[in-house]
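When a ligand or atom number is given, it counts from 1 through the structure's own listing order.
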Amino acid sequence: MPKPLLCVTVTAATTAELCQKRDAVPVADLIELRLDSVSDPNAAGALAGRRRPVIVTCRPTWEGGTFAGSEEERRRILADALSLGAEYVDIEWRANFDDLIAQVGGRRIVLSSHDYQGVPGDLEGRARAMRSTGAEVIKIAATMTCLSDCIPLLELGAQNGHGGLVLLGMGDYGWATRVLAGRFGSAWTYAGSLREIGQLTAQSLLEDFHFRSLTDSTAVYGVTGGSVSHSVSPPMHNAAFRAAGIDAVYLPLPATSAADFHTFGRAIGISGASVTIPLKVWLSDHVDDVSAVARRIGAINTIRVVEGRWIGGNTDARGFLEPLQERVSLAGVRASVLGAGGAARAVIVALASSGCEARLHARKREQAEAIAALTPVKIGPWPPEPGSWDLLINCTPIGMYPRVDETPIAADALTGLHVYDLVYNPSTTRLLRDAAAMGCQTIGGLEMLVAQAREQFQWWTGSTPQTDVMRNAALERLAEFARNENYLV
Ligand code: NAP
């Protein structure tokens with residue numbers, strides 16, 4: 001099957017603006033002109049002077065578009081587009097414009113169906129019925145209500161031997177269908193700014209995910225968890241894969257449950273994954289083996305697939321320790337760990353053999369006791385008393401975006417020597433700023449993030465990634481996020 005094309009969707013307020021935006025698209029094989037978005041839709045105006053092949057679409061409100069005029073009017077616009085030689089015209093399967101399709105013998109027709117509630121029950125039957133119209137391309141788009149909803153599309157794509165198919169999973173759970181369009185048997189993928197249906201921008205597809213170089217043999221990795229849409233792991237790992245010349249791609253793969261991710265991962269043949277909240281504990285039950293350190297921490301943050309076997313590991317402990325040991329000799333140091341969640345547990349396991357005297361401080365004492373029952377550690381008061389620590393480690397989310405003005409410890413109580421904040425968004429938290437002003441040596445969470453990602457990369461590929469490549473990619477993504485959300489990193 002040929003490589004999938006990149007189709008960029010363009011919307012605008014008027015036809016004139018649509019043409020301007022059409023011509024300003026920097027890279028695309030096809031441009032989808034959404035005539036339903038403009039106030040003065042007309043095919044001639046939209047097609048005039050085009051420099052690239054287009055798909056003319058005029059989606060009615062009853063199929064999720066914004067064209068509110070009559071069906072006669074819409075039919076006329078689409079008929080005009082066909083007679084004026086548009087490379088493709090998108091006609092909704094449910095519109096029953098069979099005469100339009102017959103007029104051109106199905107050539108240049110993209111027959112589309114959109115399901116916003118989920119995957120239609122009889123997907124194969126749907127595809128057969130649509131194909132029986134003779135349309136050159138059939139497009140089936142469905143909202144993914146979970147990650148494994150992608151699988152029926154994957155299976156349909158695999159059965160399709162004759163091309164002329166576009167299968168799209170709408171929503172964030174459907175990102176894999178957009179990036180791995182070739183694997184889903186799609187003739188093209190759509191890119192653009194329709195974020196509400198899960199579109200990725202062309203820039204993101206090309207630069208973050210190297211869309212042009214993906215093939216059926218590209219190894220697939222990803223980050224899974226509840227909310228991974230703003231994760232900095234995809235830019236870090238994709239940049240590292242590219243710098244190392246490794247044929248692999250790393251995707252955000254949000255999942256509703258451990259079983260959801262497991263089912264999808266098996267179907268797509270995933271090579272490995274990073275795991276984040278809330279799947280760090282739940283996924284432990286879905287792997288074939290768990291590393292000793294992951295067992296001690298009680299959570300996995302990495303999966304590596306070896307000959308079909310899923311192995312769970314945890315790189316948080318080493319990722320935490322590495323930047324710390326580069327700066328501080330831990331023997332005899334009094335370390336106070338704030339918080340008693342997943343990260344604190346990895347930190348306590350990491351510190352256990354470091355020679356420091358660790359104490360755990362949590363606002364809910366029972367949480368601290370639960371950790372101490374698994375890895376012996378002293379429990380201190382919340383908050384720790386000034387003068388009682390040399391090294392303070394923040395393992396709570398206090399200070400994390402969006403509550404960037406908060407800090408777990410008041411500035412005048414920062415009496416120790418070193419402050420390590422695991423929060424990495426923003427990369428310089430209020431705690432770190434206060435600590436530096438009080439003369440403490442500081443370490444930001446980005447250091448740990450990069451170090452644990454480097455461990456993952458090494459475990460998956462056997463090669464050492466370039467730390468700077470990973471760090472710069474993470475910083476760039478955090479800066480972009482901060483610009484969009486209007487705060488300082
Ligand atoms: P978690 O499992 O949800 O645990 C958070 C802990 O912080 C809980 O004990 C929670 O206690 C406590 N906490 C939350 N808000 C608090 C507040 N206002 N006052 C006192 N305690 C509070 O989260 P996690 O996975 O451990 O992650 C914690 C932070 O570390 C996050 O910001 C995460 O992004 C960061 N992290 C960074 C890295 C890295 O590589 N840099 C790796 C892992 C985690 P309650 O139950 O009382 O709320």
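Taking the charged nitrogens against the carboxylate oxygens, Lys3 and Asp29 have no contact shorter than 4.0 Å, which rules out a salt bridge. Under a 4.0 Å N-O distance rule, the pair Glu447/Arg471 qualifies as a salt bridge.
No hydrogens or angles considered: nothing links the side chains of Asn314 and Thr302 as a donor-acceptor pair under 3.5 Å.
Between Ile311 and Asp288, the closest side-chain pair of non-hydrogen atoms is not below 4.5 Å.
When heavy-atom distances to ligand 1 are checked against 4.0 Å, the residues falling inside are Ile277, Gly339, Ala340, Gly341, Gly342, Ala343, Arg363, Lys364, Gln367, Trp382, Cys395, Thr396, Pro397, Ile398, Met400, Leu422, Val423, Tyr424, Gly445, Met448, Leu449, ordered by chain and number.
Aromatic ring pairs are classed by plane angle as parallel below 30°, tilted from 30° to 60° and perpendicular above 60°; the pair His237 and Phe457 is parallel.
Heavy-atom minimum distance, Cys150 versus Thr177: SG-CG2, 3.9 Å.
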